[in-house]
Amino acid sequence: MAAMSVGYQQLLDAAIGHLEELKAQGVKFVSLSPETLAALGPSPAQPAAVEPAVPGRPSSPPPQTKPASQSPVVQPQSNMAASPVSPLASTQHPDPALSASSAAAPAGRETKEAAMAELRARAMVCRKCPHLAASRKNVVFGVGDVDSPLMFVGEAPGADEDEQGEPFVGKAGQLLTRIIQTMGFTRDTVYIANILKCRPDTPGQTVGNRKPAPEEMQTCMPYLLAQLDIIEPKVIVALGATAVEGLLGKTGGITKLRGHWHEFRGVPVMPTYHPAYLLRNEALSEKRKVWEDMLQVLEKLGRPISEKQRNYFLKA
Ligand code: URA
Ligand code: URA
């Protein structure tokens, strides 16, 4: 990867971005010319490589001096096509033009893990936001069970997450972990990710966080969309106003939105307060609100709810 030219990376990013836009619009197939298909060869059995390798094509990276937009090399674009449009296709079908979602049975855990590993490898080297790529210590991709019915979506990594490369490991994260456990899950049995995979930079500041910019969220969303497509959760919990804005495009205020079901690409979304809010406002009533939202989530998932669970954070 280190040897890959900037121009080539930009070309791939542009191709991936374009395909992800198509996918967001509901496009499930892309057409490839027979020549391109032939050049691609069979899909690798192990999709763990940073970018799907094209055996026997050592000349693919264009010279660094050439602007990516003028590059005549089209095969790498098509090569990446199979991956973002149908992240599961490469392990299910030797034919990259086949879509996983419409043709095949629900993807199993192994298939999902392979697709997620491939997506993670792409995110790890992402430079779509050059300022964030320059300031980050780690890309914070996501953690948990790729086959979980329940997914939590936050805003962006903070300093602790940037340091460790894992979402929700700081103070707010520890509270989220307790909430998850109180629900009867663990961090390993849900999936946790953020809208933004890199920590928002704070130039000239040594402490503090900033809200992700709309362009940053837009740029990073394709990764979350691809994560959602792989996991196919039954319920998404959107943690805080920024996650709600990123997922639902709603800026109506988390106070009004929380506690009510919304939908994102057919998946029920429960907005709730961000755990960082609960750390700032320790009132029992606010904890109870989040907890009632989580009880609704458990009900939606068809999970049994104990009497003890029902009564958490109620006044004595
Ligand atoms: N806040 C978030 O929104 N996400 C994290 O990963 C950590 C804190
Ligand atoms: N546990 C907590 O600490 N807070 C909640 O809101 C729910 C469970």
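As the structure lists them, so they are numbered: ligands from 1, and atoms in each ligand from 1. Predicted, not measured: the structure shown is a model, and the values here were computed from it. These values consider heavy atoms only, across backbone and side chains, with no hydrogens, waters or symmetry-generated copies.
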* Got the closest protein heavy atom to atom 1 (N) of ligand 1, with its distance? -> H274 NE2, 3.2 Å
* To do: Tell me, please: is A156 in heavy-atom contact with ligand 1, that is, under 4.0 Å?
  => yes
* Asked: To which protein heavy atom is atom 4 (N) of ligand 1 closest, and what is the distance rounded to 0.1 Å?
  -> N194 OD1, 2.8 Å
* **Side-chain donor-acceptor contact under 3.5 Å, T202 with R210** => no
* Asked: What do you reckon, does E166 put a non-hydrogen atom under 4.0 Å from ligand 1?
  -> no
* **Single hit among T272, L176, L175 for side chain to side chain contact (heavy atoms under 4.5 Å, CB included) with L278** => L175
* Starting from the C-alpha separation in whole Å, work towards a yes-or-no answer on side-chain contact (heavy atoms from CB on, under 4.5 Å) for I231 and D147. => CA-CA 5 Å; I231 298 166; D147 203 26; over 6 Å; no
* Does an N or O from P157, backbone or side chain, lie closer than 3.5 Å to an N or O of ligand 1? -> no
* Asked: Going by distance only, is there an N or O of E155 that falls short of 3.5 Å from an N or O of ligand 1?
  -> yes
* Atoms in ligand 1 with a heavy atom of P167 nearer than 4.0 Å -> 6 (O)
* Asked: Hey, does W291 have a side-chain heavy atom less than 4.5 Å from the side chain of L284?
  -> no
* Asked: Picking from E155, E245, E216, what satisfies side-chain hydrogen bond (donor to acceptor under 3.5 Å, both in side chains) with K211?
  -> E245
* Can you tell me if D201 and S135 form a side-chain donor-acceptor pair at under 3.5 Å? -> no
* Structure fact -> Within 4.0 Å of some non-hydrogen atom of G154, the atoms of ligand 1 are 3 (O)
